[in-house]
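Data block below; observations after.
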Amino acid sequence: MGRAVTVATCALNQWALDFEGNLERIFRSIDIAKSKGARYRLGPELEIWPVLHRNARYNCRVIFLNKKILLIRPKISLANTGNYRELRWFTPWSKARHVEEYFLPRIIQEVTGQETVPFGDAVLATKDTCLGAEICEELWAPNSPHIEMGLDGVEIFTNSSGSHHVLRKAQARVDLVNSATAKNGGIYILANQKGCDGDRLYYDGCAMISMNGETVAQGSQFSLDDVEVLVATLDLEDVRSYRAEISSCNLAASKVNPYPRVKVNFALSCPDDIDVPTCMPIQWRHHSPEEEISLGPACWLWDYLRRSKQAGFLLPLSGGIDSSATACIVYSMCHQVCLAVKNGNADVLADARRIVNDEVYIPEDPREFCKRVFTTCYMASENSSQDTCQRAKLLAEQIGSYHINLNIDVAVKAVVGIFCVVTGQTPRFSVHGGSSRENLALQNVQARVRMVLAYLFAQLTLWARGMPGGLLVLGSANVDESLRGYLTKYDCSSADINPIGGISKTDLKNFIQYCIENFQLTALRSIMSAPPTAELEPLLDGQIAQIDEVDMGMTYAELSIYGKLRKMAKAGPYSMFCKLINMWKEICTPREVASKVKHFFRMYSVNRHKMTTLTPSYHAENYSPDDNRFDLRPFLYNTSWSWQFRCIDKQVNALCFWFGFVFKILTVGQD
């Protein structure tokens with residue numbers, strides 16, 4: 001009796017509307033799976049296209065064998081939160097355990113020789129086992145189909161996913177897959193999309209195969225390989241033995257409503273397989289958050305660069321943590337490219353040669369490759385310090401970027417001069433006696449001039465060097481600054497793409513330390529130790545007088561907490577206050593907490609309009625304020641928050657009265 005089954009799953013870097021490229025990658029994965037002896041191959045979600053059934057559009061798995069379609073299985077649970085709007089495009093299949101006839105288009109009939117095929121919620125019964133299908137979100141749903149499929153005798157669960165990367169998310173995905181078979185046994189096969197599909201998300205692969213609650217095969221999470229195939233040979237008898245020991249599941253199985261079965265005249269195993277070796281459980285190797293930042297955005301940048309047909313990146317490098325972290329991610333990308341070429345990746349080599357316009361070029365040294373594709377630019381003003389200038393220059397030397405030093409004072413004075421001529425008024429900084437309005441306007445002029453110059457140099461730097469092509473401008477505003485609105489609209493935060501726009505300041509600091517240790521970028525030590533500053537106000541005795549956290553009126557650590565409570569905990573001003581008086585009870589009085597919460601919501605609501613023009617950023621945090629698709633909120637708020645703030649004040653007064661009353665009783669008791 002055959003019992004060893006060899007199955008394959010894959011991670012494919014599919015690209016929306018790239019029909020020919022997508023088909024080639026599918027074919028390549030099938031060839032690899034066959035060459036490794038697999039009898040079943042699973043691909044990621046929507047690796048081809050959706051299906052129109054009775055004029056309704058469904059997100060489907062199409063399962064076929066030898067040019068015959070066995071089953072079209074529509075998605076039941078659609079993802080419709082956060083980054084996903086599946087209900088805008090697809091209809092969920094709501095007929096549980098129901099199958100209908102699907103009339104194939106004539107172009108498909110000519111290939112398969114079939115007129116109709118089963119369409120609906122069914123499972124496949126082969127000669128030796130039973131297979132069921134889930135699609136992405138259904139694994140995450142509270143009533144996942146695999147639960148009752150398993151009780152109904154399904155032994156192999158397959159999941160085609162399009163699951164994007166978020167920092168620290170991979171652990172949850174792996175746990176869900178393993179737990180799917182831990183309670184009732186079985187084999188779980190997960191395929192996933194990988195790469196940048198043309199938007200803010202990076203799909204991080206992580207194809208995997210699990211059996212009886214343990215991982216037996218793990219795919220890479222971050223890779224420049226467009227096609228990755230994972231193969232495992234497993235013993236069906238291990239599933240049956242595991243299930244036989246779980247009496248509660250056996251009792252539940254006797255009551256389950258059975259699934260329609262599509263009979264398949266095919267076996268996944270071979271009759272004579274007694275000596276076929278099977279895979280053993282492995283320990284999943286998770287990346288640290290710092291490794292995820294180093295690898296995920298780097299792969300995203302590479303996909304964006306090669307698919308946009310540009311010649312590289314330009315980054316305004318200020319010598320601060322954010323722009324330095326962005327530079328390090330580009331440097332990590334160069335490392336990944338050189339490593340992929342060293343490992344024989346012909347696709348990466350071809351892309352690299354096209355990008356640098358050299359048909360015989362081989363990227364071997366990350367610093368040398370960085371010099372060809374990465375331009376950094378320090379834009380000094382009279383308010384810039386020599387310290388940040390030197391930090392930017394030294395980091396550029398260590399990563400190998402083509403570095404430019406320039407001064408923006410002439411352009412700033414020209415712009416301000418036009419205003420002075422027209423109005424007869426000369427704005428001044430606060431330290432020179434100007435108002436807060438004058439002070440802010442003068443800072444914004446500097447920031448916006450830098451944005452204009454960044455795009456000018458991105459378009460013409462390579463032309464001036466006698467090289468073809470243009471550069472993509474990189475932004476470097478982190479997720480916390482965007483949430484607070486601590487950025488100038490249309491300044492250097494305005495760029496083509498931003499690899500750190502979804503990453504917190506705290507995580508970026510940890511990433512900088514990681515780069516010091518793993519890339520030996522010693523220039524980052526002084527950047528780490530320097531206080532973050534915008535350097536837009538005049539220096540005081542040649543030293544920086546402007547500090548970000550003082551300007552913002554809050555720390556970056558506090559901002560991360562506000563962000564998570566606002567977005568993930570759905571907290572408004574009063575709810576946030578109620579949570580923080582307990583969270584911060586050792587360090588703040590209720591009145592201090594109230595003041596902090598009010599200040600945050602004032603600044604958040606006043607600056608929310610800036611999110612409508614936020615540069616497309618790599619999505620890495622679940623509290624991102626990205627207004628394009630993830631965090632859809634008003635951008636014109638009632639910034640007084642009158643009712644909410646009155647509730648907070650009322651609670652503060654009640655707490656102060658109660659604490660005073662208790663203190664009085666305790667004092668009298670001591671007397």
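From a predicted model like this one, the values you see are computed outputs, not experimental measurements. As a basis for the values below, the full set of heavy atoms in this structure was taken, side chains included, without hydrogen atoms, waters or symmetry mates.
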Distance col, row S308:OG vs L301:CG, nearest 0.5 angstrom, shows 10.5 Å
Can a side-chain donor-acceptor contact be found between E86 and N59 if the only test is distance below 3.5 angstrom?
yes
So, are D226 and R306 salt-bridged, with charged N and O less than 4.0 Å apart?
yes
### Query
Would you say the ring centroid of Y58 lies under 6.0 angstrom from that of F119?
yes
The residue among L230, L234, I282 that forms side chain to side chain contact (heavy atoms under 4.5 Å, CB included) with V216 is L234
Polar side-chain atom of T112 near backbone of Q114 as donor-acceptor pair, under 3.5 Å: yes
Rounded to the nearest 0.5 angstrom, the OG-CG distance for S144 and L176 is 7.5 Å
Checklist entry - Can a salt bridge be assigned to the pair R285 and E291 using a cut-off of 4.0 Å between side-chain N and carboxylate O? => result yes
**Report entry** SB check D31 K36 (cutoff 4.0 Å)
**Finding:** no
task: Anything under 30° is parallel, anything over 60° is perpendicular, the rest tilted; go ahead and classify Y188 against H146.
output: perpendicular
**Message:** Take a 6.0 Å sphere around CG of N257 and say whether it holds more than 12 heavy atoms from other residues, nucleotides or ligands.
**Reply:** yes
One should read off an interatomic distance between S160 OG and L139 CG, to the nearest 0.5 angstrom, of 12.0 Å
query = Does D303 reach the main-chain N or O of C196 with its side chain, forming a donor-acceptor pair under 3.5 Å?
reply = yes
Exercise for review: Flag the pair L236 / V5 as yes when at least one side-chain heavy-atom distance between them is below 4.5 Å, and no otherwise.
Suggested key: yes
Heavy atoms, side chains only, cut-off 4.5 Å: are L12 and I26 in contact? yes
*Does atom CZ of F19 have more than 12 heavy-atom neighbours, drawn from other residues, nucleotides or ligands, at distances under 6.0 Å?*
no
Rounding to 0.5 Å, atoms NZ (K194) and OG (S223) come to a distance of 3.5 Å
#### Entry: Heavy-atom check, side chain of Y514 versus side chain of I293, under 4.5 Å
no
Worked verdict on H335 versus F369 for ring pair (Phe, Tyr, Trp, His ring centres under 6.0 Å): CA-CA 9 Å; H335 266 271; F369 184 57; over 10 Å; no
Using distance alone, with no hydrogens and no angle criterion, decide if S332 and S294 have a side-chain donor and acceptor under 3.5 Å apart.
yes
Does R353 qualify as a cation-pi partner of Y361, given the criterion of NZ or CZ under 6.0 Å from the six-membered ring centre and within 45 degrees of its axis?
no
* Does the Q193 side chain pair with the main chain of G205, one donor and one acceptor, at a distance under 3.5 Å? -> no
A8 and I189 have their tightest heavy-atom pair at O-CG2, 4.5 Å
In terms of heavy-atom contacts, P363 and V341 come closest through CG-CG2, 3.7 Å
*Mind running salt bridge (charged side-chain N to carboxylate O under 4.0 Å, His left out) on D152 and R261 for me, showing each step along the way?*
CA-CA 11 Å; D152 193 33; R261 277 166 160 72; 2.9 Å; yes
**Prompt:** Do you see a donor-acceptor pair shorter than 3.5 Å between the side chains of Q14 and D18?
**Reply:** no
Between R3 and the options D128, D272, D235, the salt bridge (charged side-chain N to carboxylate O under 4.0 Å, His left out) test singles out D235
*asked:* Assess, by modelled atom type and distance only, whether the side chains of E137 and S77 contain a donor and an acceptor separated by less than 3.5 Å.
replied: no
Heavy-atom closest pair (S624 atom, D631 atom, distance to 0.1 Å) is O-CB, 3.5 Å
- Start with the C-alpha gap between R240 and E155, add the side-chain angles, then the distance that decides, and say whether salt bridge (charged side-chain N to carboxylate O under 4.0 Å, His left out) holds. CA-CA 8 Å; R240 294 156 187 164; E155 296 178 326; 2.7 Å; yes
So CD1 of I355 and CD of Q310: to nearest 0.5 Å the spacing works out to 10.0 Å
* Asked: Does D351 pair with R354 as a salt bridge, N-O distance under 4.0 Å?
  -> yes
Requested in this report: Salt-bridge test for R173 and D204: reply yes if a basic N is under 4.0 Å from a carboxylate O, no otherwise.
Outcome: yes
Any carboxylate oxygen within less than 4.0 angstrom of a Lys/Arg side-chain nitrogen, looking at E100 and K95?
yes
Next item on the list: Report the relative orientation of the aromatic rings in Y304 and W300; use parallel for angles under 30°, tilted for 30 to 60°, perpendicular for over 60°.
Entry: tilted
Do L23 and F27 touch side chain to side chain, with heavy atoms closer than 4.5 Å?
yes
Worksheet entry | Ring geometry between W93 and H53 (parallel below 30°, tilted from 30 to 60°, perpendicular above 60°) | tilted
Tightest non-hydrogen contact, residues A267 and R39, listed as O-NH2, 2.7 Å
Task: Donor on one side chain, acceptor on other, S220 and E228, under 3.5 Å - done: yes
To the nearest 0.5 Å, atom NZ of K255 lies from atom CD of E148 at 12.5 Å
Within the 4.5 Å heavy-atom criterion, are P50 and F90 side-chain neighbours or not? yes
Minimal heavy-atom distance between E214 and P281, with the atoms involved, is OE1-CG, 3.5 Å
Just do the side chain to side chain donor-acceptor pair (under 3.5 Å) check on R200 and S617 with the steps written out, would you?
-> CA-CA 6 Å; R200 293 161 173 78; S617 302; over 6 Å; no
message = When you compare the side chains of N265 and K127, does any donor N or O come within less than 3.5 Å of an acceptor on the partner?
response = yes
Q | Lys/Arg N to Asp/Glu carboxylate O, K564 vs E621, below 4.0 Å | A | no
message: If you define the side chain from C-beta out and look only at heavy atoms, does anything of T181 sit under 4.5 Å from I187?
response: no
Across all chains, not counting sequence neighbours, the ring pair (Phe, Tyr, Trp, His ring centres under 6.0 Å) partners of Y203 are none
Steps toward side chain to side chain donor-acceptor pair (under 3.5 Å) verdict (R57, T91): CA-CA 6 Å; R57 189 186 301 109; T91 302; over 6 Å; no
When every non-hydrogen atom of F64 is compared with those of I69, the smallest separation belongs to CB-CA, 3.8 Å
request  = Would you check if V154 and L131 make a side-chain contact, meaning some heavy-atom pair closer than 4.5 Å?
outcome  = no
Result for salt bridge (charged side-chain N to carboxylate O under 4.0 Å, His left out) between E45 and one of K75, R61, R73 points to K75
Assess whether atom NZ of K342 is packed by more than 12 heavy atoms of other residues, nucleotides or ligands within 6.0 Å. no
Query raised in the report: Any Lys/Arg nitrogen of R28 or E24 sitting under 4.0 Å from an Asp/Glu carboxylate oxygen of the other?
Result: yes
_Quiz question: by atom type and distance under 3.5 Å, do the side chains of D496 and T615 form a donor-acceptor pair?_
no
N212 meets the side-chain hydrogen bond (donor to acceptor under 3.5 Å, both in side chains) criterion, sequence neighbours left out, with none
Sequence neighbours excluded, the answer for ring pair (Phe, Tyr, Trp, His ring centres under 6.0 Å) partners of F222 is H165, H287
message = Are H619 and F630, when compared by the centres of their aromatic rings, separated by less than 6.0 Å?
response = yes
